[in-house]
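Whatever order the structure lists ligands and atoms in, that order sets their numbers, starting from 1. In what follows, residues are counted from 1 in the order of the sequence shown. Being a predicted model, the structure only gives us computed values, none of them experimental.
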Amino acid sequence: MSSTLSDAFRTVPVHIRQNGQLDFESVREVPDSHTWQDVDDYPSVDAAAVGGVPVVDLNDPNAMKLVSDACETWGLFQVVNHGVPVSLLQDFDAQLKRLFSLPTERKLKAVRLPDDISGYGLVRISSFFPKLMWYEGFTIVGSPVEHARQLWPDDHTQFCDVIDEYQKEMKGLAGRIVWLALGGLGITKPDLEWAGPNGEFEEANAGLQLNSYPVCPDPNKTMGLANHTDSTIITIVYQNNESGLQLLKDGSWVMVPALDGALVVNVGDLLHILSNGKYPTVFHRAIVHQTRHRLSAAYLFGPPPNIQVGPLEKLIDHNNPPLYKSLTWNEYLETKTKHFNKTLGKLRIASTT
Ligand SMILES: C=C1C[C@]23C[C@@]1(O)CC[C@H]2[C@@]12CCC[C@@](C)(C(=O)O1)[C@H]2[C@@H]3C(=O)O
Ligand SMILES: O=C(O)CCC(=O)C(=O)O
Ligand SMILES: [Fe+2]
């Protein structure tokens, strides 16, 4: 049985030709390797036309209802008054810039290997698409030290310190938001044993995906990060004052506005399962810009790797049978590596009526 998240990727390696990396700085037109035919697969609508992407003030006495409603109807919302210090967000932003502005040869020293989970390169889901994305990423699961040393042989500690602090803050925030979401379904701390006696999610696991979307000569022809859902309970996204993240709502792409100081939260596949489909996972993607370089970072929050995750017992009764099979996060990630966007469907329990 796999015992860490990384084991899920040793079992199912993903082969991506990382050294095919484009020199985004010098390229003057989108090459065929990065030209996508289906950027307009769904129409795009203005967020205002569909009521605006919800913004939840976490200090609002109604925060639980607001989070719960947003999870149910949008699968994505922004949070303000989240308590993460502005100075930490600024330091984090500076480290993102510092990382992605390194020369490509230096970044490739920290490249992610096919059977590994962490490192620099194309996003894992690239193997499901015929074309490459206008994108560079860096995945951190566990300690960033080894890869940071390869990136900055003489000075890796400032990057590691900021990343550690950021992950600590995100863990606390993710725990708070998950309890608000679950509380809205009537779930209380004793209902989720693995969250620990005080519901502090001590044993929770997480990953950090740092994303860079370089400026692009023809943004309508290419894709930043292709349509996917996250295999998480929730994901918290930082974006650097540049919009680009879009969610699929009622058959249209809706842009999530860049809101100064806010963080974006989205429902992941495991919350979809835990809530027995009450909080649907959200399809999302990122587009790129002609003149503005966009940076973002996704904090991917999940359970301990070997805990069984299934529809919560309290939500199940004669009229509400479990809709999904239970499995561990590692098993989920392994299944996702094979079935990608069809994974939840594969886990759906067939109705007997
Ligand atoms: C914990 C994880 C979720 C993730 C796979 C990973 O092991 C680390 C990278 C994560 C990420 C980030 C970008 C989108 C995504 C679909 C991908 O390819 O890599 C997610 C993965 C996921 O949620 O399945
Ligand atoms: O760049 C973004 O805003 C989205 C990133 C994302 O979806 C991810 O890293 O999983
Ligand atoms: Fe995502």
>> Counting only heavy atoms, tell me which of V141, T337, L122, I125 gets closest to atom 16 (C) of ligand 1.
In response: I125
> Nearest to atom 10 (O) of ligand 2 by heavy atom, H228, E242, Q209: which?
Replying inline: H228
> Any idea how F159 and W152 line up, ring-wise: parallel (<30°), tilted (30 to 60°), or perpendicular (>60°)?
Replying inline: tilted
> Between H147 and F138, how do the two ring planes meet: parallel, tilted or perpendicular, split at 30° and 60°?
Replying inline: perpendicular
Taking only heavy atoms of [X] into account, list the atoms of ligand 1 that are under 4.0 Å away from them.
X	answer
T139	8 (C), 9 (C)
I117	7 (O)
D230	23 (O)
V123	13 (C), 17 (C), 18 (O)
Q209	9 (C), 12 (C), 13 (C)

> Applying a 4.0 Å heavy-atom criterion (strictly less than), which segment of H228 is in contact with ligand 1: side chain, backbone, both, or neither?
Replying inline: side chain
> With a cut-off of 4.0 Å, which atoms of ligand 2 are near a heavy atom of L245?
Replying inline: 3 (O), 4 (C)
> Does the N or O separation between S231 and ligand 1 drop below 3.5 Å for any pair?
Replying inline: yes
> Do ligand 2 and Q239 have nitrogen or oxygen atoms that lie under 3.5 Å from each other?
Replying inline: no
> How far is atom 2 (C) of ligand 2 from its nearest protein heavy atom, and which residue and atom is that?
Replying inline: S296 OG, 3.3 Å
